[in-house]
There are 2 protein chains.
Amino acid sequence: MDFSIGELARRTEVKVPTIRYYEQIGLLPPPPRTEGQQRRYDKNAVARLGFIKHARELGFDIEAIRAILSLQDNPDQSCSVADRIAKARLAEVEERIASLNALRAELQRMVEECASGRVAECRVIETLADSSNGHGRLVET
Amino acid sequence: MDFSIGELARRTEVKVPTIRYYEQIGLLPPPPRTEGQQRRYDKNAVARLGFIKHARELGFDIEAIRAILSLQDNPDQSCSVADRIAKARLAEVEERIASLNALRAELQRMVEECASGRVAECRVIETLADSSNGHGRLVET
DNA sequence: GTAGCCCCTATAGTGACTAGAGGTTCAAGA
DNA sequence: TCTTGAACCTCTAGTCACTATAGGGGCTAC
């Protein structure tokens, strides 16, 4: 029911040194060790690390992930704190979805034009070039 | 109708050294210079840099952005090349949208529970913890 | 023409990993 | 039980994508 860092790495597809790095910076709690100082993990670690992996792939930085995980780790903390973090992340997530939808539409158009034998004009830049749409980085206030 | 690197930085909200860095690695073409070797930009540069900024915020790495921009820069290149790049990026974009939708739903649920006065149980980890859903990195083949 | 802000290049530092060196532990088989 | 080799340990250094600093030169307003 518990396993090594290598097994955790295989299950999550996160590299072993990255797992140790996450522990070092406090994203993963220090796990129990064997007599010989080797780390032993359980299913909770798989879930937590899987979440971190996903969130990183989605472009959240470590501090944002730390904030989201703190919701999980302190379910009893004041509602207002959790609410503020969740709302800020929610706004960021919604903006990202909107931008990705626009980019998807343009990529789809290009693929379709290709399929119909025409050389695609590429307008990805116009699709995503507007810098005045409030896409700045969100910060907890 | 043309302006300095500082003005480009203000218009795009990209920092001056970052603009020079993008030029150095070939994401931005070298612009014309004044007699005194200062860079001058036009509206095209604003659009291209705005696109790059957005794409970085969405988590695309430099090589992915380079590939997408190459569609724009070589509209006459073979359809099969453009198609391959566009399809790979499209798949990646769709996976990201799906993950973000799941995360959004969970964050919304938490915000709603907070609004109703209950302390939120946080289940963000369960929402996004599954690492066996094919979220690996896509690569051009 | 000179003050002051902006630009130049070049180098070094940061965040988030990733790889390597050099040594130790664990478990499977003899 | 003993051995052996894969997997583990710590520590340091390197990579990618910036970001900041140093030291100097250009440009416009008075």
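Proteins get letters first, then strands, A, B, ... in listed order; numbering begins at 1 in each. In this text the structure is predicted, and so the values were computed from the model without any measurement. Values reported hereafter were calculated over all heavy atoms of this structure, with side chains retained and with hydrogens, waters and symmetry mates removed.
One atom, OH of A/Tyr21, and another, P of D/dC11, lie 17 Å apart when rounded to the nearest Å. For the pair B/Leu27 CG and D/dA17 P, the computed distance is 9 Å after rounding to whole Å. The CG-C1' distance, from B/Asp61 to C/dG15, rounds to 16 Å in whole Å. The distance between atom CD1 of A/Ile19 and atom P of D/dA7, rounded to the nearest whole Å, is 14 Å. Atom CD of B/Glu63 and atom P of D/dA17 are 7 Å apart (whole Å). Distance, A/Ile62 CD1 to D/dA17 P: 17 Å, rounded to whole Å. The interatomic distance linking B/Gln24 (CD) with C/dA10 (C1') rounds to 10 Å, in whole Å. C/dG15 atom P lies 13 Å from atom CZ of A/Arg56, rounded to whole Å.
Taking side-chain N and O atoms only, A/Arg33 has no distance below 4.0 Å to OP1 or OP2 of D/dC8. Between B/Ser4 and the phosphate of C/dC7, there is a side-chain N or O to OP1/OP2 separation shorter than 4.0 Å. At D/dC18, none of the side-chain N or O atoms of B/Arg20 fall inside 4.0 Å of OP1 or OP2 (strictly under the cut-off). Taking side-chain N and O atoms only, B/Tyr22 has no distance below 4.0 Å to OP1 or OP2 of D/dA17. The shortest distance between the side-chain N/O atoms of A/Thr34 and the OP1/OP2 oxygens of C/dC26 is below 4.0 Å. For the OP1/OP2 pair of C/dC26 and a distance below 4.0 Å, the side-chain nitrogens and oxygens of A/Arg40 include no atom meeting the criterion. The side chain of A/Thr18 contributes no N or O atom lying less than 4.0 Å from OP1 or OP2 of C/dC17. For the OP1/OP2 pair of D/dC8 and a distance below 4.0 Å, the side-chain nitrogens and oxygens of A/Arg39 include no atom meeting the criterion.
Nearest approach of B/Arg11 to B/Val46, heavy atoms of both residues: CD-CG2, 4.1 Å.
Looking at B/Asp73 and B/Arg48, a side-chain N of the basic residue comes within less than 4.0 Å of a carboxylate O on the acidic one, giving a salt bridge. With respect to A/Arg10 and A/Glu7, a salt bridge is recorded, a charged nitrogen being found less than 4.0 Å from a carboxylate O. Salt bridge annotation for B/Arg66-B/Glu63: present, with a cationic side-chain nitrogen under 4.0 angstrom from a carboxylate oxygen.
For A/Pro17, the listed nucleotide lying nearest its side chain is C/dA19; candidates were C/dA19, D/dA17, D/dC8. When distances are taken from the side chain of B/Gln38 to each of D/dA17, D/dG26, C/dC17, the shortest belongs to D/dG26.
A donor-acceptor pair is defined here as one N or O able to donate and one able to accept, closer than 3.5 Å; no such pair exists between the side chain of B/Thr18 and the backbone of B/Val14. In terms of modelled atom types and a separation under 3.5 Å, the side chain of A/Asp42 and the main chain of A/Ala45 share a donor-acceptor contact.
Where A/Glu35 and A/Lys15 meet DNA chain C, the nucleotide closest to each residue was compared, and A/Lys15 sits on the side nearer the 5' end. Both A/Glu7 and B/Ile52 lie near DNA chain D, and the one whose nearest nucleotide falls closer to the 5' end is A/Glu7.
B/Ile5 comes within 4.0 angstrom of the backbone, heavy atoms only, and of no base.
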